[in-house]
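Please read the structure below before turning to the comments.
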Amino acid sequence: MYQLQVEGMSCNHCISTVTRSVQQVDGNATVEVDLATQMVRVESRAALEEIALALSEAGFPVINNAA
């Protein structure tokens, strides 16, 4: 499981966009978003770098991550 600190999330639309972005990389990924802490937890077989890139391209840059 990856834990990512992600900037710019503020609403349910952001949660949907983040979830879709990760699932475009890995359709079987599980995504949990905590708006209060700006944390995204991802269970995926995809590489962390691929997920971080997808989030950044969607407008939500990863500022810190831990595998």
Task: Derivation and outcome, side chain to side chain contact (heavy atoms under 4.5 Å, CB included), residues M9 and F60 - done: CA-CA 7 Å; M9 300 182 301; F60 298 99; 3.7 Å; yes

TODO: Please round to the nearest 0.5 Å and tell me the distance separating atom CD1 of I63 and atom CG of L55.
DONE: 12.5 Å

- [ ] Mind listing the closest non-hydrogen atom pair of S21 and A58 along with its distance?
- [x] OG-CB, 3.2 Å

- [ ] Examine distances only and state if a side-chain atom of E50 and a backbone atom of A47 form a donor-acceptor pair shorter than 3.5 Å.
- [x] yes

TODO: Indicate, with yes or no, if V6 and L48 share a hydrophobic cluster defined by side-chain heavy-atom contacts under 4.5 Å among Ile, Leu, Val, Met, Phe, Trp and Tyr.
DONE: yes

- [ ] Please say which of V31, T30, V33, D34 ends up in a side-chain contact (heavy atoms from CB on, under 4.5 Å) with R41.
- [x] D34

Task: Distance, nearest 0.5 Å, that separates OH of Y2 from CD of E49 - done: 7.5 Å

TODO: State whether the side chain of D26 and the backbone N or O of R45 hold a donor-acceptor pair below 3.5 Å, judged by distance alone.
DONE: yes

Open item on the list: Strictly distance-based, threshold 3.5 Å: is any side-chain N or O of Q38 a donor or acceptor partner for the main-chain N or O of L35?
Closed with: yes

TODO: Kindly say whether A29 contributes a backbone atom to a donor-acceptor pair with the side chain of Q23 at under 3.5 angstrom?
DONE: yes

TODO: Only one of V40, I51, L4 passes side-chain contact (heavy atoms from CB on, under 4.5 Å) with V62; say which it is.
DONE: L4

- [ ] Could you tell me the separation between the CD atom of E32 and the CD1 atom of I15, rounded to the nearest 0.5 Å?
- [x] 11.5 Å

